[in-house]
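Everything on this sheet refers to the single structure shown next.
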Amino acid sequence: MRSLLFVPGDSQKKLEKAFGAGADVVIVDLEDSIAPQNKALARGTAARFITEHRHQTKSAIYVRVNDLSTGLTDDDLAALVPAGPVGIMLPKSNSGQDVQNLSAKLRVHEAENGLPDGAIKILPIITETAAGVLAAATYANVSARLVGVTWGAEDLSAAIGARAARDENGRYTDVFRFARTMTILAAGAAEVAAIDTIFPHFRDMPAFEAECTEAERDGFTGKMAIHPAQVPVINTAFTPSAEAVKHSASLVAAFEAAGNPGVVGIDGKMYDRPHLRLAERLLARAKAAGIST
């Protein structure tokens, strides 16, 4: 998952555009982009569109449901699980317990719709509440459905009363940098993908490219998008370069040839086991992106 593109579930026109945007994942949204009075309409529109078009796109289809505290999650699942989404995005997840609760609900819906147990994956947004940020360490080993964790700044800003998430230079302030950091660490602890949050100013491509570059540098393996124009930038930023793939493959091969020791020397430089692990992770990302190694 490099690029994850949000699209409102109540607009067939926008759904059509999103399904053809080339994103690794299309997230059909039933939450923030849908007005309360349009929730039922969005469920029906999204379910029909996914059912009719899921075989016409290479993108994996996820659905962002309404969070567990709203009382709307069950209705969302009842309407959308029959359409066969690959995964569910859970907003405002307060801890790993929320993932377990959603997993239990999915198990029932899968059984009712003849789907294999565990077929539908879960991607929670873990920093949209103060409790969620503080519970970031609770996602390890909670469910085999967990494929990654991601974070959000806008809802957290509202939850804690911050007037802005970024300073006058466009950089996240300390609280939001902390939430971002906790997401990377939570993903590492759970051994799942770390997905960076959206960049709202979709017309400012230089700033967006810089944020993608920084995210990949820091350990994120993908990023969410709010506009189709952001998708190719994300895919480029999070696709390992040919040079990096070649170097990583050489490093893995050197360890194997030496009998997997603690340290190997290549071209006068010493590499230890953490370097090997990093190389293996990069090669796994390259393989997922369709790059031959």
Hydrophobic clustering (ILVMFWY, side-chain heavy atoms < 4.5 Å, transitive) - are [Y] and [X] grouped together?
| X | Y | result |
| --- | --- | --- |
| Ile226 | Leu156 | no |
| Leu106 | Val149 | yes |
| Phe199 | Phe238 | yes |
| Met224 | Met1 | yes |
| Leu30 | Val81 | yes |

Which atom names give the shortest non-hydrogen contact between [X] and [Y], and what distance separates them?
| X | Y | answer |
| --- | --- | --- |
| Ile34 | Lys39 | O-NZ, 3.3 Å |
| Lys92 | Thr129 | CB-CG2, 4.4 Å |
| Ala279 | Leu251 | CB-CD2, 3.8 Å |
| Pro82 | Arg54 | O-NH1, 4.5 Å |
| Glu154 | Pro200 | OE2-CG, 4.4 Å |
| Ile195 | Leu123 | CG1-CD1, 4.4 Å |

Give the intermediate values and the outcome of side-chain contact (heavy atoms from CB on, under 4.5 Å) for residues Arg285 and Glu216. CA-CA 12 Å; Arg285 287 172 50 205; Glu216 192 277 337; 3.3 Å; yes
Taking the side chain as C-beta and beyond, is there a heavy-atom pair between [X] and [Y] under 4.5 Å?
| X | Y | value |
| --- | --- | --- |
| Phe6 | Met89 | yes |
| Thr127 | Met182 | no |
| Thr150 | Phe220 | no |
| Val7 | Asp29 | no |
| Ser157 | Asp155 | no |
| Asn94 | Leu68 | no |
| Val192 | Val147 | no |
| Val245 | Leu283 | yes |

[X] atom [atom1], neighbour heavy-atom count above 12 within 6.0 Å:
| X | atom1 | result |
| --- | --- | --- |
| Arg203 | CZ | no |
| Asn169 | CG | yes |
| Asn141 | CG | no |
| Arg171 | CZ | no |
| Gln37 | CD | yes |
| Glu243 | CD | no |

Drop me the distance from [X]'s [atom1] to [Y]'s [atom2], to the nearest 0.5 angstrom.
| X | Y | atom1 | atom2 | result |
| --- | --- | --- | --- | --- |
| Phe208 | Thr213 | CZ | OG1 | 10.0 Å |
| Ile266 | Phe255 | CD1 | CZ | 7.5 Å |
| Leu282 | Ser241 | CG | OG | 7.5 Å |
| Ile88 | Ile122 | CD1 | CD1 | 8.0 Å |
| Ile198 | His201 | CD1 | NE2 | 9.5 Å |
| Glu214 | Arg217 | CD | CZ | 5.0 Å |

Looking at [X] and [Y], would you say the former's side chain and the latter's main chain have a donor-acceptor pair under 3.5 Å?
| X | Y | result |
| --- | --- | --- |
| Ser250 | Lys246 | yes |
| Ser3 | Asp24 | yes |
| Asn113 | Leu115 | no |
| Thr57 | Phe19 | yes |
| Ser59 | Val25 | no |
| Thr45 | Gly9 | no |
| Asp67 | Ser69 | yes |
| Asn38 | Ala42 | no |
| Glu110 | Ile120 | yes |

Suppose we screen for side-chain hydrogen bond (donor to acceptor under 3.5 Å, both in side chains). Which residues come up paired with Thr138, at least two apart in sequence or across chains?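 With neighbours one apart ignored, the set is empty.
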Which is it for Arg166 and Glu211 under the salt bridge (Lys or Arg N to Asp or Glu O under 4.0 Å) test, yes or no, and what are the steps along the way? CA-CA 13 Å; Arg166 298 175 187 258; Glu211 187 161 291; 3.0 Å; yes
Out of Arg43, Arg64, Lys105, which residue meets the side chain to side chain donor-acceptor pair (under 3.5 Å) rule with Asp76?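 Testing Asp76 for a side chain to side chain donor-acceptor pair (under 3.5 Å) against Arg43, Arg64, Lys105 leaves exactly one candidate, Arg43.
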Worked check of side-chain contact (heavy atoms from CB on, under 4.5 Å) between Leu4 and Tyr62: CA-CA 9 Å; Leu4 299 87; Tyr62 277 55; over 6 Å; no
Centroid-centroid under 6.0 Å between His247 and Tyr271 rings: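 Yes - the distance between ring centres of His247 and Tyr271 falls below the 6.0 Å cut-off.
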Side chains of Thr239 and Arg2, donor plus acceptor under 3.5 Å: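 Looking only at side-chain atoms, Arg2 and Thr239 do form a donor-acceptor pair, the distance falling under 3.5 Å.
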Could you go through Arg180 and Asp218, starting from their C-alpha distance and side-chain angles, then the distance that decides it, and tell me whether this counts as salt bridge (Lys or Arg N to Asp or Glu O under 4.0 Å)? CA-CA 10 Å; Arg180 178 181 183 273; Asp218 292 343; 3.0 Å; yes
Does Val233 form a side-chain contact (heavy atoms from CB on, under 4.5 Å) with Phe202? I'd like the steps, not just the answer. CA-CA 11 Å; Val233 176; Phe202 63 87; over 6 Å; no
Closer than 4.0 angstrom, basic N to acidic O: yes or no for Arg277 and Asp272?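 No, Arg277 and Asp272 are not salt-bridged.
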Classify the ring geometry of His53 against Phe49: parallel below 30°, tilted from 30° to 60°, perpendicular beyond 60°.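 The rings of His53 and Phe49 lie parallel, inter-plane angle below 30°.
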Per the side chain to side chain contact (heavy atoms under 4.5 Å, CB included) rule, which among Val263, Leu278, Asn260 passes with Arg273?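 By the side chain to side chain contact (heavy atoms under 4.5 Å, CB included) criterion, Arg273 pairs with just one of Val263, Leu278, Asn260: Asn260.
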